[in-house]
Amino acid sequence: MQMKKDIQQSIDQLLFNSPTIDKVGVEERVARFQTRSIKGDSKLQALKMALNMIDLTTLEGKDSPGKVQQMCYKAMHLHDELPNLPTVAAVCVYPSMVKIAKSALLNSKVNVASVSTAFPSGQAPLAVKLADTTFAVNEGADEIDMVISRGKFLAGEYSFVFDEIAAIKDACGNARLKVILETGELLTLDNVRKASDLAILAGADFIKTSTGKIQPAATMQVTYTMLMAIKDYYEATGKMIGMKPAGGISTSKLALHYLVMVKEVLGNAWLSNEWFRFGASSLANDVLMQLMKAETGVYQSPDYFSID
Amino acid sequence: MSRLEIVKTYKIYIGGQFPRTESGRYYSPVNKEGKVLGNICLSSRKDVRNAVVAARKAVGSWSERSAFNRGQILYRIAEMLEGRKAQFVEELQFQGSSKQAAESEVNLAIDRIVYYAGWCDKYQVIVSSVNPVASSHFNFSVAEPMGVVGIIAPENSSLIGLVSLVLPVICGGNTVVVLASEKLPLCAVTFAEVLHSSDVPGGVINILTGSTDEMAPTLSTHMDVNALVYGGSDPLKLKEIQENAVLNVKRVFAYSTDWKKADAQGLHYISDVQEIKTIWHPIENVGGATSNY
């Protein structure tokens, strides 16, 4: 009982005392992650790890069952020319495509993630958001990517945002909840940190940077700030929270920088797709091209890889 | 007190920008009198990779430009080169040409650019055809650019060799990655400066300096290069390039001509790096009557 109270207290402390962020300090720290040079076997290992962390994503108005099925096939068969490749972690689609993705991925370990809560703007009443989420879960989604109400957050209505996340978390059932902060609209790193703390305390299993619809999407600065929120929460409570940068990570080199950052901030425990994901559509092909380059010794052409 | 002379650092040209080589290396070739020509980038395989990426990115918009507009841009290169003639003459002399030879080389280069500028909206008419076939089809063939073309410039020529190989290739809507002459690199980089100020979109022409032996294998094995033009004279090097090209069935063309001759130019330098696309278009052919086509 005493312990529970202690935890409650530390949660309160975190919520009300979200630290302010030293932007210049963050930039310097992030710049140092980018100077690491990863070569040879470590690079191969890291590339395969990155592949295994990808949420292959298609979130367009023009998505069709055919497009989703093709993407699901790709999720399972990244590049059959290369033996021993992992699959991606999940595919990420709109709720209306969950059933199609689910049946296409039958007998594979690839999860289906669905965006919900009136993605990408989140401008809908709670009842609609809940219905959206319940629908996706009932269709078979293993993971739910929700968006927060950025307007309310920026207006300072934190409890509104908190309650909304908590309600969606309830609706998720066994599905893991990723909370998209849409950091491109939060304007400052202070806000990013506050939103991260809020989402974590409200029950997020993952915090995610962006929808991919707003620029800037994921940046290393923003991701670092969110990783620090996860670290502080872990140190206070012992509970792990996952991280998913999404949007704008399209090269292997950048993906490796992210992995370095995760390792150095959170440690090895987070280096699996249970705790870290990349939301990306074109990253997979770039990683595959790098792996083929390592295999064959010659630079590759997108002509010989599947279209995504 | 005597003034300390500044030796120019010649940078490479990738995607419309002048970066230093990624490797940070340079070399300092000398002329016959033993004078250092300049500090020249010793490009690495990663520079080749970057150049190919830039060239690939530029293919779409360059090949889709109207032929007339490509002609205008090529003509503009000639105009800009005319304006900087003196600098090229000086560089050629510095690299060992006589004044007279240098002047005539630059003049010829300008004329050759104008020549290919003129071809831009004409070669298609010459190489395309309507083909007689024995079925109800309108059958026609058109030339399409191959895409990214790697060019290994002649070793013994600084300007005219480079111009003679590059211009026909871009005239046909391809983009190029050029390995400049290792011993005579000055005009290649200065030519890049001309391109930079003459409406040629970034990435259409990318110019690398350094060791051909080091870069040629990377360029010739690169899966995203569609064709290679070899301007050198070493049959063993050519053989190696041809073998490497098999990897993704690149087309390889080797020219060894005296580019200083006025007639070392022609339509086939353009049409070699074009793929011919033939289209079978079904047509109505009622009761054996001739079609309207």
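Lettering follows sequence order; numbering is per chain, from 1.
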Discussion item. Can you confirm whether more than 12 heavy atoms, excluding those of A:Asp80, are under 6.0 Å from its CG atom?
Written reply: yes
Worksheet item: Got a sec: does the NZ of A:Lys263 have more than 12 other heavy atoms crowding it under 6.0 Å?
Response: no
Item to complete: Considering only heavy atoms, give the residues of residues 281-302 of chain A separated from chain B by less than 4.5 Å, sorted numerically, with 'none' for an empty result.
Response: A:Lys293, A:Val298, A:Tyr299, A:Gln300, A:Ser301, A:Pro302
Item to complete: With sequence neighbours left out, write down each residue that passes side chain to side chain donor-acceptor pair (under 3.5 Å) with B:Lys250, or none if nothing qualifies.
Response: B:Asn248
Worksheet item: Taking atom CZ of B:Arg25 as the centre, does the number of heavy atoms from other residues, nucleotides or ligands within less than 6.0 Å exceed 12?
Response: yes
Discussion item. Can you confirm whether A:Gln45 is buried at CD, in the sense that more than 12 heavy atoms of other residues, nucleotides or ligands lie under 6.0 Å from that atom?
Written reply: no
Worksheet item: Above 12 or not: heavy atoms from other molecules or residues under 6.0 Å from CD of B:Gln17?
Response: no
